[in-house]
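Below: one structure, written as structure tokens.
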Amino acid sequence: MNRQALTHSLRVTIRFAVGHTQDTPVDVDVAVPAGARLADVLPEVCDVAGISPPVSPWEARTPAGSLIPTATPLAWSHVRPGSIITIRDLSRDTEPLVTSDTEALTQVRRARGGTGYAAVACATGFFMIILLLAAHPVGLTVATVACLALGAGMRLTWKEAIHPTIITTVSIGTSILAFLAGLQWTFWFAGEPGSDSLLTPLGLVTAGGSLLLITAVTHSTLRPPRTVTVALLTVGVGMCAWAGLAGCATTVGLATAITGNTPPPFITPSITAAAPLSALIELTVVIYGPLVALRIGITIPTVPSAGADLATTDVSAQVYAGATRRARRATGVFDGIVTGACLLGGGASLVTALGTQPAHFRLLFVTVLVACLAMQATRHASAVGAWAVWLWSMSTAISAACAVFIYPGATQPSPATIGIAVALATVFVASGLWAPRVANMPPTTIAALEKLESACVIIALPLGLHLAGVFAAIRGLG
């Protein structure tokens, strides 16, 4: 077995250019611990160099001028073996400049407004194309191919110089066009006579397959960020799963079990029946997303046994090579999975809220989803995942309002149902009172919220099955 020594130190050159050494800098080659902070090891390095520690404020920079933080470990400061760290004085003896109002106005730091114009213009173009060609499958197909070729031309012309937001916008817009084209082609060729239902199981399968195909093509030609590709793939797979659940609902009679009232327009009863089940699946994906991402090439080291020599390891050096790249890949995959699941979950929550079951069951289901997702969002370390889950929670809260004022047939919501929706809206309006306390909650409160989240998940499972008509179908078997 190959046992190699682990190195935990950095061999660097520290150059002192402070005080009396400004004109004649003093260099000293030392090996410092990689986990030590520069401010902690500087006094001992000064002893080695034979100079007094700096008294006046000082800073550390690389030869290129990049600032090295002194309060963080050197291993986290992008300092590599052989680097030169220059210690220099921060004091400035120059007098402040006297400026007029116009000169001061030109020196005010303001955010540049020129960034993002191209991405917004690209998104506007896609939105206009969707409005113009949404009902024409031939036009949508031609637009999809044309936008795909245009995006490939952008990447081929500008290569890596093109901004990632533009490539992201083109990838997402082209995928949306492919999705709508799949829906429209299915509606034209396989739609039921006299029916206006656009969202059918076959339509979802066709749209999901088109989305997956275009995402694979854009990944190889446009090369968008990994998070965008994984998110689109997650949405495509989720649509196919939703269509499969809708087909099963039609087969076992779940759709007929919940059609006592007027169904929502443009949506078949089977899609409505499978919507709560799809929302539960996406919630499961959000909860177990980290486990999936960790399986993407991440090696978790084993805990050393008692009495083991911590200065050696049985793991080869190849395992540690590229650890940063693998960590970024796993993070991108996780963000993509969570974002795609939240996009599809938001649509499933809205369809569930517009369903044909009694309003109080629909409202209770979306309420427990809102609570579970809001608590889930506060624990995400990634900003992308946290915002995706939080926006799903907020869109589900809007769906709760839809469950109250949009009711099928003559079944009007009860005052208690309206009160729950108003109370939920009041909690969100008063978020400025409780939001600052979320970051500093004591451990006992966090443990209580985790139990509340588990309770919400447990409540959501039977509610989703009830809204899908599973219990009604079981009772019909007897």
Given L373, which of T396, V368, L391 fulfils the side chain to side chain contact (heavy atoms under 4.5 Å, CB included) condition?
T396
Taking the side chain as everything from C-beta on, heavy atoms only, tell me whether P69 gets closer than 4.5 Å to T72.
yes
Hey, mind stepping through I281 and L245 against side-chain contact (heavy atoms from CB on, under 4.5 Å) and telling me if it holds?
CA-CA 11 Å; I281 291 176; L245 292 174; 3.6 Å; yes
Between CG on residue L463 and CD1 on residue I458, distance to nearest 0.5 Å:
12.5 Å
Would you confirm whether T200, through its side chain, and G203, through its main-chain N or O, come within 3.5 Å as a donor-acceptor pair?
yes
Short question: side chain of S270, backbone of G247 - any donor-acceptor pair under 3.5 Å?
no
Given 3.5 Å as the limit, does a donor-acceptor pair link the side chain of T168 with the main chain of P164, or not?
yes
Starting at OG of S171, measure out to CZ of R223 and round the result to the nearest 0.5 Å.
11.0 Å
Side-chain contact, heavy-atom cut-off 4.5 Å: R61 with I68?
no
Calculate, to the nearest 0.5 Å, the distance between atoms CG and CG belonging to L467 and L277 respectively.
9.0 Å
Non-hydrogen atoms of C372 and C456 that approach each other most closely
CB-CB, 4.0 Å
What heavy-atom pair brings W242 and I271 nearest, and what distance separates the two atoms?
NE1-O, 3.3 Å
Do the non-hydrogen side-chain atoms of T352 and S399 ever get within less than 4.5 Å of each other?
no
Determine whether a donor-acceptor pair (N or O, by modelled atom type, separation under 3.5 Å) exists between the side chain of S431 and the backbone of V427.
no
Looking just at side-chain N and O atoms, do S382 and D335 make a donor-acceptor pair shorter than 3.5 Å?
yes
Smallest separation among heavy atoms of A468 and A273, with atom names:
CB-O, 3.2 Å
Got a donor-acceptor contact below 3.5 angstrom from the T234 side chain to the V230 backbone?
yes
For side-chain contact (heavy atoms from CB on, under 4.5 Å), just list the numbers for L465 and L461, CA-CA rounded to whole Å, side-chain angles, deciding distance to a tenth of an Å, and then say yes or no.
CA-CA 6 Å; L465 295 176; L461 291 176; 5.7 Å; no
Minimum heavy-atom distance A279-A348, with the two atoms named:
N-CB, 3.8 Å
Between CG on residue L363 and OG1 on residue T367, distance to nearest 0.5 Å:
4.0 Å
Show, in sequence, the C-alpha distance, side-chain angles and deciding distance for I167 and R155, and conclude whether the side-chain contact (heavy atoms from CB on, under 4.5 Å) test is met.
CA-CA 8 Å; I167 293 298; R155 174 62 78 180; 3.7 Å; yes
Taking the side chain as every heavy atom from C-beta outward, state whether Q184 and L140 have any atom pair closer than 4.5 Å.
yes
Are S349 and W392 close enough that a side-chain donor and a side-chain acceptor fall under 3.5 Å?
yes
Any non-hydrogen side-chain atom of T62 less than 4.5 Å from a side-chain atom of I85?
no
Closest non-hydrogen atom pair between T165 and A119, with its separation
OG1-CB, 3.8 Å
Interatomic distance, F127 atom CZ to L132 atom CG [nearest 0.5 angstrom]
10.5 Å
Between the main-chain N or O of A353 and the side-chain N or O of R362, is there a donor-acceptor pair closer than 3.5 Å?
yes
Dump the intermediate steps for side-chain contact (heavy atoms from CB on, under 4.5 Å) on T229 and T215, then the final yes or no.
CA-CA 7 Å; T229 301; T215 302; 4.0 Å; yes
To the nearest 0.5 Å, what is the distance between CD (E453) and CD (Q376)?
5.0 Å
Check: T206/T186 side-chain N/O donor and acceptor closer than 3.5 Å
yes
Scan side-chain atoms only and decide if W390 and T378 contain a donor-acceptor pair under the 3.5 Å cut-off.
no
Evaluate the side-chain proximity of V286 to C342: yes if any heavy-atom separation is below 4.5 Å, no if none is.
yes
Ignoring hydrogens, what is the shortest heavy-atom contact between C147 and T174? Give both atom names and the distance.
CB-OG1, 3.7 Å
Looking at side-chain heavy atoms only, is the closest gap between L202 and F187 below 4.5 Å?
no
Can you classify the ring geometry of W185 versus F189 as parallel (below 30°), tilted (30 to 60°) or perpendicular (above 60°)?
parallel
How about L204 and C240: do any of their side-chain heavy atoms sit closer than 4.5 Å?
no
